[in-house]
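Below: the structure, in structure tokens.
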Amino acid sequence: MLEARDLAVGYREGIDILQGISLEAAPGAITAIIGPNGAGKSTLLRCLFGLLPPRRGDVLLEGRSIDDWSTDRRKAAGIAYLPQHNSTFPHLTIEENLKLGGWLLRDDRAKLRERMEYVYGLFPILAERRRARATDLSGGQLRMLSVAKELVTPPRLLLVDEPSVGMAPIVASELYDLLVRLPGWGITVLLVDQNITDAIRIAERVYLIGEGRVQRTESGAWFQDHLEEVIREMLQGPVPESPRA
Amino acid sequence: MGELLRSLRDQPLRTGLGAAVVVLLALLPLGLNGYQTQVVMLGYFWVILGISWNLLAGYTGQFSLAQHAFATIGSYASAAAVLALGLPVPGGIVVGALTAAVLGYGLGWVTLRLRGIYFAIGTWAFAESVRILLSVNYHITRGDAGLPVPFLFATPDPFPYYYVFFAVSMLALGLNAVVLRTKLGYRMRAIRDDQELAVASGVDVVKWKRVVFVISTALAGLGGGLYGHAIGLLSPNQAQFSQMAFVIIAVVLGGFRTLWGPVVGALLAQGLAEALRISQEWRFVVFAALVILVVRVYPPGIMGGLAMLAERLRGRPPRSPSVGTPVAETPIAERGGVP
Amino acid sequence: MHEGPLLRLDRVTKRFGGAVAVDGVTASFDPGVIYGLIGPNGSGKTTLINLISGLYEVDAGTIVLGEHHLEKRLAHQMAALGIVRTFQMPKAFGSMTLVENLLLPVAGDHRRESLSNQRGRAGEVLQHTGLDHLADAPAASLSGGQTMLLQLARALMHEPVRLLLLDEPFAGVAPAIKERMMATIRRINQERGAAVLLVSHEMTTIRALCERIGVMNTGRWIAEGPLAEVAARPEVIEAYLGKPI
Amino acid sequence: MLDALSNPQILAQLTVVGLMLGALYALMAIGITFIASIMKLINWSMGEFYMIGSYVQYYLIVLLLGPGLWYLALPVSMLTVFAFGLVVQRGLLAPMFKYDEARRFEYATIVTIALSVLLQNAAIILAGPYQWSPQEYLPTRAFAGLSLNGSRLAGAIGAAVILALFYLFIRHTMVGLSFLGTAQNRLGAQTAGIRLGRVDMVAFGIGAALAAAAGALLAPVFLVYPTNGITSTVKGFEIIIIGGLGSLPGAVVAAFGLALVESFGSFLISPAYQDLYGFVFLIAFLLFRPQGLFGERERRV
């Protein structure tokens, strides 16, 4: 569905955080990207959503290059992005946050209302507190709100950046339960995660990236079987060698 | 002197050109009538203010909006010293500069902790307060009616004044040039470029910001003191914000954070327009429009442009002096904050 | 020279709001040794560097360099004690030339040498790092990788240099420049006898440079020792699995 | 002097005068802080939008509509300045985003200060250095023993209505919410599919129109001349710093507070110092609440 072809990305010239990444989010599936911090996972998602232009390579949506699409055009095409850091509006109410989440439906009041009620249905806790301001929510509720906000405009693809960072285990497991259900509703998921254990559990396909490149592509099941090995290799390198040669 | 010789060795063309300009300006009154001389003389007042502001805002990155107020403080303090204490006029001017420096230290102490917008507004508020206090306390300052002060020289002839202002301007320019080559100059530019990195290099950022603030306000106070005793009548209007706007316009036009920028910009704004005999208002419209154009299209200004041209003529890769470091442009959408 | 460790951290703690970024870290570092510091995202590595270099104030605990307590010192005084650091973002004095950038440590408050006496040395350093052809170019014209290299070159101009703190210096840097950066780090270590604390997620460079490594997770110092030994420890692998806490 | 305050008549008069002025101050400040909240810049030419608003209002009344229809001229003058604001934003200020944050501030400050000088002098050239005054919007009336200047009253009511409409717009329409949202979290606005470039531009236009409204409403009171916007800039800046840069409720509260202080202060101390109070408050706030202005505190830099 969404494909990155030989992407090189960086914040300034000469520092390419990603140095030629090719990967694909298969339609109707969860694809996970794992790797050590600093490997460029978040940068990749920012690039896919159009916040950062690639220095080289292409982003393709269903085979068509969307390199020159702005963020709002990508959103209208069904690409939603859930950043790692809070993307809610702290001094607006939950209701207003969700309304703005449905910004692209603003000309169709009935549709907007309907989508909001649908999202409230998914997150009863938000429905209960719809008049509360975002800043008064707990960390977990805030995370729920940012997910909910991206679901109001119906997405076809959700780019998710580190959903469980800083979350209590209960909240994290709720989040993963929700992510698992998304493909069933026709939403493709591209997940970037440091929480390797959970990411490989729910993903069909997993890309391990490091030092700006894809190091390994396997199924989630494969990674589950070879997890220790992969981690050890990540930490110690492929061939054991003495330090400071 | 060693510095001068070295710069002569390193950049003979630039140094030679600079010297030629200085000589030309020194001889200028020979070709001007009294009125024109007076006009150029006042141009030097703006040169002095421009240099003092450029030191602070251009080289150190402290975008103060109170330079005109410190000049006004210099004027009135000098007047007070001469009128109330009976000091001779030159002594009064020194008192004016010192008063500005002391108040500058105080304001610096208060505002240098503030960043960007807040620092600018804080200094602006100080300047406006100075203006209001001067016009409200008319029993002391005679308010908007103006305060007559003794002239520096016994003669109304503008020529001696011209040379005093000229000398002070060139001294300020020389001081600026030398400072840039000293450790202080390095510290200033480092603070402007990246405070965190300057600290990590062992620079006491707070201390040196304060030092530059005091130097800059003392220079402005000196200019203001001279101005008062050259004009003979002080007014709180000297502290009007439009005066500060003129300093900014002159410096940015000539070349923000370039050595000669304030000189070129101030003399151009003052002299050329006078020569063209366009009205005050048209002059401001034209120069303001030019400044917007400069900042929008070519931030280095006139001097930056000339420097670039000179580099190119000598076949060196052009440097890119600029008002800011452009961050890579994002064609797709606005950047959402670089982590 | 005094005996024993160069730098001692004792129960160093730093909080931001409610979150504990560095949680009671106790560790010590010997002179002349290159240490690696690894750990997952948000484990407190950068915060620790900022605490040692005085950019942040410690909330609790002590940091002792040789015989000097560092907790109450101002950041610019760290340079006088020989603590030198680089930043994760490629930072330089953009409007100043490379030579001027290198002379800036000489303009630090504790230095007595004149600028002109150190010009020659700056030239040498530029030559060593392969940046000499750009000596008179403004640093803003450098690429990100070159700027990172310049950060290290600047460290060579510090006097004294007892401890070099490097925060992700290699992220996204092209291999050729990376080689030169590693050579420079070794040079600072060998010629100046400086201890180095290298935060990096790139295990290849950690392996190539570091004698010992420390591991942080969720603000705590969880392991320290030779790489091969540390990487095999279950708690380290656990940290990298990214189980939400 | 203080015992004069026990006279309910004087007390009421001072309060009413203060409240009426407060509504107008709020109008002057809210545009500046609204723009600041979204574009993170201070617009030094805000007073000139006020000035243009007052001229458009004056000429509309004198040449076209007649004195009775001042309330019809008001929206026209706001619309004119709104359009002008769009042009200024797109042509002069939007390019600031190509610089990093510190340089962005320098750029915006220089450009808007130059623009302010340009517009003031252009006004002198075009309309002359004279002071004009449209006819009083309403006759002076006595109300419960208080004497109320009709134009000030009309201005205060007009300001209150515009502020109320602005509040309804910002809080209860999708577009309004998108402004609030963008001010609070630009990334969050982007993930919702909001176009930041357009929000910046329209917000700037609205801010400019609010300044123009103040100029139009105050035309008979503070008169119409090329530098009549300076007061508006000055009061506006004082208020937004006291209220907290970018805070809309803060601006309203600070506006009424400052107006009341000025009203009582000029009676109790001296009218001469009236213009000083705002600066004293401003400097006090910068001094004693610096951490609130910094965001995250960095150590001694």
Side-chain angles (χ1 to χ4, degrees), chain B residues 57 61 63 65 110-111 113-118 120-122 124-126 128-129 132-133 135-137 192 195-196 199 205-206 241-242 244-246 248-249 252 256 279-285 287-292 295-296 299 322-327 329-330 333-338, chain D residues 36 40-42 44 91-92 95 97-107 109-111 113-122 124-125 129 186-187 190 195-197 200 226-227 230 233-234 237-238 240-241 245 270 272-273 275-276 278-280 282-283 286-287 290 293-294 298 300-301:
Chain B
F63 207 97
L65 294 174
V110 169
T111 56
R113 296 179 297 164
L114 305 173
R115 296 179 162 229
I117 290 180
Y118 297 99
I121 292 199
W124 164 83
F126 170 81
E128 290 289 310
S129 307
I132 294 171
L133 283 173
S135 63
V136 166
N137 290 304
R192 191 263 186 188
Q195 297 196 22
E196 224 175 47
V199 167
V205 167
V206 177
F241 186 68
S242 58
M244 185 66 228
F246 187 73
I248 296 175
I249 285 176
V252 173
F256 195 39
S279 76
Q280 188 83 3
E281 289 78 30
W282 271 113
R283 192 186 312 175
F284 278 118
V285 169
F287 284 122
L290 277 178
V291 162
I292 293 173
V295 178
R296 176 86 173 70
S322 66
V323 164
T325 315
V327 279
E329 253 186 284
T330 351
E334 194 206 277
R335 82 199 61 255
V338 177
Chain D
K40 318 289 181 228
L41 69 79
I42 291 273
W44 291 84
L92 300 182
F97 283 108
K98 73 178 178 206
Y99 296 110
D100 62 36
E101 237 163 88
R103 304 293 87 84
R104 223 177 266 179
F105 149 74
E106 257 176 33
Y107 174 96
T109 309
I110 293 173
V111 165
I113 286 178
L115 183 66
S116 147
V117 170
L118 192 156
L119 293 174
Q120 278 180 20
N121 287 281
I124 299 179
I125 295 168
R186 285 178 88 86
L187 178 61
Q190 278 177 300
R195 228 189 275 181
L196 292 189
D200 285 344
T227 53
I230 291 177
T233 310
V234 169
F237 282 9
E238 290 167 2
I240 61 170
I241 293 295
L245 187 57
S270 153
Y273 286 92
D275 287 333
L276 207 57
F279 290 114
V280 173
L282 185 158
I283 291 172
L286 285 179
L287 264 180
L293 310 175
F294 277 7
E298 273 175 53
R300 300 166 203 139
V301 173

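The analysis underlying the following values was restricted to heavy atoms, covering all of them including side chains, and did not include hydrogens, waters or symmetry mates. Nothing here was measured: the structure is a model prediction, and the numbers come from that model. Protein chains get the first letters and strands the later ones, always in sequence-line order, with residue 1 at the start of each.
In this structure, chain B has a heavy atom under 4.5 Å from the side chain of D/Thr109, while its backbone stays farther away. If you measure heavy-atom distances from B/Ser129 to chain D, the contacts under 4.5 Å come from both the backbone and the side chain. In this structure, no portion of D/Val280 lies under 4.5 Å from any heavy atom of chain B. Residue D/Leu119 does not touch chain B at all, counting heavy-atom pairs closer than 4.5 Å.
Between chain D and the options B/Phe246, B/Phe241, B/Phe63, heavy-atom pairs under 4.5 Å are most frequent for B/Phe63. Listed options B/Ile249, B/Val291, B/Ile121 were ranked by heavy-atom pairs under 4.5 angstrom with chain D; first place goes to B/Ile121.
Side-chain contact between D/Phe279 and B/Trp124 is present, with heavy atoms from C-beta onward closer than 4.5 Å.
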Show your working on side-chain contact (heavy atoms from CB on, under 4.5 Å) between B/Ile248 and B/Leu65 and close with a plain yes or no. CA-CA 9 Å; B/Ile248 296 175; B/Leu65 294 174; 3.6 Å; yes
Apply side-chain contact (heavy atoms from CB on, under 4.5 Å) to residues D/Leu41 and D/Tyr107 and explain how you reach the verdict. CA-CA 10 Å; D/Leu41 69 79; D/Tyr107 174 96; over 6 Å; no
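Between D/Leu286 and B/Gly122, the shortest heavy-atom distance links the atoms CD1-CA, 3.3 Å.
Annotation: side-chain contact (heavy atoms from CB on, under 4.5 Å) contacts of B/Thr111 (sequence neighbours excluded): B/Leu107, B/Leu114, B/Phe119, B/Thr123.
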